[in-house]
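Here is the structure we will look at, set down as structure tokens.
First listed ligand is number 1; within each ligand, the first listed atom is number 1. Counting begins at 1 with the first residue of the sequence.
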Amino acid sequence: MSSNKPIRIPRARIAGVGKAVPDTILSNADLEKIVDTTDEWITERTGIKERRIVRRGDKTSDYCIRAARDALAEAGVEPEELDFIILGTISPDMRFPATAIFVQEALNAKNATAWDVSATCSGFLYSLYLAEAIIALGRAKKGLVLGAEFLTPITDFTDRATCVLFGDGAGAVVVTEAEGDRGILSTYIGSGGNASHVLYSVGHGTAGSVNQLGEATGERYLQMNGNEVFKHAVRILVKSAKEALDIAGLTAADVDWLVPHQANLRIMKATAERLGIPPEKVFVNIHKYGNTSSASIPIALEEGRHDGSLKDGQVICCIAFGGGFTWGGAVIRF
Ligand code: ACO
């Protein structure tokens, strides 16, 4: 028998947010003592005043677990209720298993399936895209989405062009099935496949470990052509916002808050300007944390929710861009 009832596609919503950042602060004044730079140069070119840095012995999963516990408590969700744990990171605890597995283990989230996503600064939005799709397909009801990064251990602190930019931290959101017009209104992701040489880190990857005697031959530190990144960032971020808004049936005029990946204040301002979004609607915390890659958006969501900026019912547009290049957008109504 046929039915005229429309098929209900479940919507995902963010039910709780959490963050964990290291206690140790590295200020621009501290950096002046390490490399030939000034607070004035860093502030003017990037908007960064200080960043948080991890200590020896810290692991990415330690910060993920703290952020996750806070997000779960806020959502009122028990770890055993989680169907999935997805972590966007390019700085895992180990080559394997996935860092998300350590999070699952620590939380005792025994009913979840856990995995990592490698998408540089877009890692959180790639993970949110998957979470939204899994919930929309009816394959899961509750999950944890994280973005976490330890960038300072792979940063060359003799290279003033990169060492002033990055910081460490983690953010988490709990995603649950939602009713009504609130929740994740859209997600969008993309990758270019034409700029892998512009921003990369060989690290322990196979491109650097062909030596069969087991000697590390890779470059230890992150490599970046900053000007080249800058050149493409604004165009790709604008496209990401427009695509995500279009999927949600909205335009830039509907946006209450733009929450961009915190890469550089000038990139954020130029992106907002091209979208016609006024600067007071751009959420900025780069002055406190620097560029924390995939952690920057969930950290911003946590701060924005808890300081009262990102209010229920408002349209929040998140956008990211990173090495690869990768990019993504998400439109959220809390
Ligand atoms: N302090 C003082 N001077 C510096 C510093 C510093 N820390 N770094 C560079 N300079 C100098 C340069 O040597 C250069 O000097 P010169 O003119 O004598 O040669 C001058 O400042 C200008 O350098 P530029 O590289 O042209 O400076 P620019 O204004 O482009 O800013 C920056 C550099 C901040 C890196 C910028 O290009 C940028 O933000 N790029 C994007 C980076 C980014 O967003 N990355 C995100 C991706 S991260 C990820 O995916 C993991």
Original post:
With the threshold set at 4.0 Å, does a side-chain nitrogen-carboxylate oxygen contact exist between Lys59 and Asp93?
Top reply: no

Original post:
Looking only at protein heavy atoms, which one is nearest to atom 41 (C) of ligand 1, and how far off is it?
Top reply: Gly226 O, 3.6 Å

**OP:** Taking the side chain as every heavy atom from C-beta outward, state whether Ile90 and Leu151 have any atom pair closer than 4.5 Å.
**Re:** yes

Original post:
Can you tell which of Ile90, Leu165, Leu222 gets a heavy atom nearest to atom 35 (C) of ligand 1?
Top reply: Leu165

Original post:
Atom CZ in Arg52, atom OH in Tyr289: separation rounded to 0.5 Å?
Top reply: 5.5 Å

Subject >> 4.0 Å protein heavy-atom contact status of atom 16 (P) of ligand 1, strictly under >> reply: no

Subject >> Contact check: Ile42 vs ligand 1, nitrogen or oxygen atoms, below 3.5 angstrom >> reply: no

**OP:** Mark yes or no for whether Tyr129, through its side chain, and Ser186, through its backbone, hold a donor-acceptor pair below 3.5 Å.
**Re:** no

Original post:
Is atom 28 (P) of ligand 1 less than 4.0 angstrom from some protein heavy atom?
Top reply: yes

**OP:** Starting from atom 44 (O) of ligand 1, locate the nearest protein heavy atom and write down its residue, its atom name and how far away it is, to 0.1 Å.
**Re:** Ala263 CB, 3.4 Å

Subject >> Any donor-acceptor N/O pair, Gln262 side chain to Pro260 backbone, under 3.5 Å >> reply: yes

**OP:** Compute the shortest N/O to N/O distance between Phe166 and ligand 1 and return yes if it is under 3.5 Å, no if not.
**Re:** no

Subject >> Flag, side chain of Asn111 to backbone of Glu80, donor-acceptor distance under 3.5 Å >> reply: yes

Original post:
Considering the options Ile319, Asp254, Leu250, which one meets the side chain to side chain contact (heavy atoms under 4.5 Å, CB included) requirement together with Leu245?
Top reply: Leu250

Subject >> No-hydrogen, no-angle side-chain donor-acceptor test under 3.5 Å, Asp116 and Thr89 >> reply: no

Subject >> Salt bridge Asp312-Arg305, side-chain N to carboxylate O under 4.0 Å >> reply: yes

**OP:** Check whether any protein heavy atom sits under 4.0 Å from atom 32 (C) of ligand 1.
**Re:** no

Original post:
Of all the non-hydrogen atoms in the protein, which one sits nearest to atom 1 (N) of ligand 1, and at what distance?
Top reply: Thr37 OG1, 2.6 Å

Original post:
Looking at Asp168 and Arg51, does any basic side-chain N land under 4.0 Å from a carboxylate oxygen?
Top reply: no

Subject >> Any protein heavy atom nearer than 4.0 Å to atom 19 (O) of ligand 1 >> reply: no

Subject >> Test of proximity, Asn264 against ligand 1: N or O pairs below 3.5 Å >> reply: yes

**OP:** For atom 7 (N) of ligand 1, grab the closest protein heavy atom and report residue, atom and distance to one decimal in Å.
**Re:** Arg160 O, 2.9 Å

**OP:** May I ask you to check whether Asn227 has an N/O atom sitting below 3.5 Å from an N/O atom of ligand 1?
**Re:** yes

**OP:** Please could you name the atoms of ligand 1 that Val164 approaches to less than 4.0 Å, counting only its heavy atoms?
**Re:** 7 (N)

**OP:** Heavy-atom contacts with Thr46 under 4.0 Å: which atoms of ligand 1 show up? List them by number with element.
**Re:** 34 (C)

Subject >> Under 3.5 Å side-chain donor-acceptor pair for Glu149 and Thr292 >> reply: no

**OP:** Take every heavy atom of Ala161, measure it against each atom of ligand 1, and state whether any distance is under 4.0 Å.
**Re:** yes

Subject >> Heavy-atom nearest neighbour in the protein, as seen from atom 45 (N) of ligand 1, with distance rounded to 0.1 Å >> reply: Met224 SD, 3.5 Å

Original post:
Where is the nearest protein heavy atom to atom 49 (C) of ligand 1: which residue, which atom, and how far?
Top reply: Cys121 SG, 2.9 Å

Original post:
Going by atom types only, do Thr120 and Thr326 share a side-chain donor-acceptor pair under 3.5 Å?
Top reply: yes

Subject >> Closest heavy-atom pair and its distance - Thr46, Ile286 >> reply: O-CD1, 3.8 Å

Original post:
Quick one: which ligand 1 atoms are inside 4.0 Å of a heavy atom on Phe230?
Top reply: 36 (C), 37 (O), 38 (C), 39 (O), 40 (N)

Original post:
Any idea which part of Ile267 is under 4.0 Å from ligand 1, heavy-atom wise: side chain, backbone, both or neither?
Top reply: side chain

Original post:
Judged by atom type as modelled, is there a donor-acceptor pair below 3.5 Å linking the side chain of Gln104 to the main-chain atoms of Ala109?
Top reply: yes

Original post:
What are the atoms of ligand 1, with element, lying closer than 4.0 Å to any heavy atom of Arg266?
Top reply: 28 (P), 29 (O), 31 (O)

**OP:** Could you list the atoms of ligand 1 found under 4.0 angstrom from a heavy atom of Gly322?
**Re:** 50 (O)

Subject >> For ligand 1, the portion of Thr162 having any non-hydrogen atom under 4.0 Å away >> reply: neither

Original post:
Got the closest protein heavy atom to atom 22 (C) of ligand 1, with its distance?
Top reply: Arg45 NH1, 3.7 Å

Original post:
Is there any salt bridge (charged side-chain N to carboxylate O under 4.0 Å, His left out) pair reaching into residues 126-144, and which pairs are they, with sequence neighbours excluded?
Top reply: Glu81-Lys142, Lys141-Glu177

Original post:
Where is the nearest protein heavy atom to atom 8 (N) of ligand 1: which residue, which atom, and how far?
Top reply: Trp41 CH2, 3.3 Å

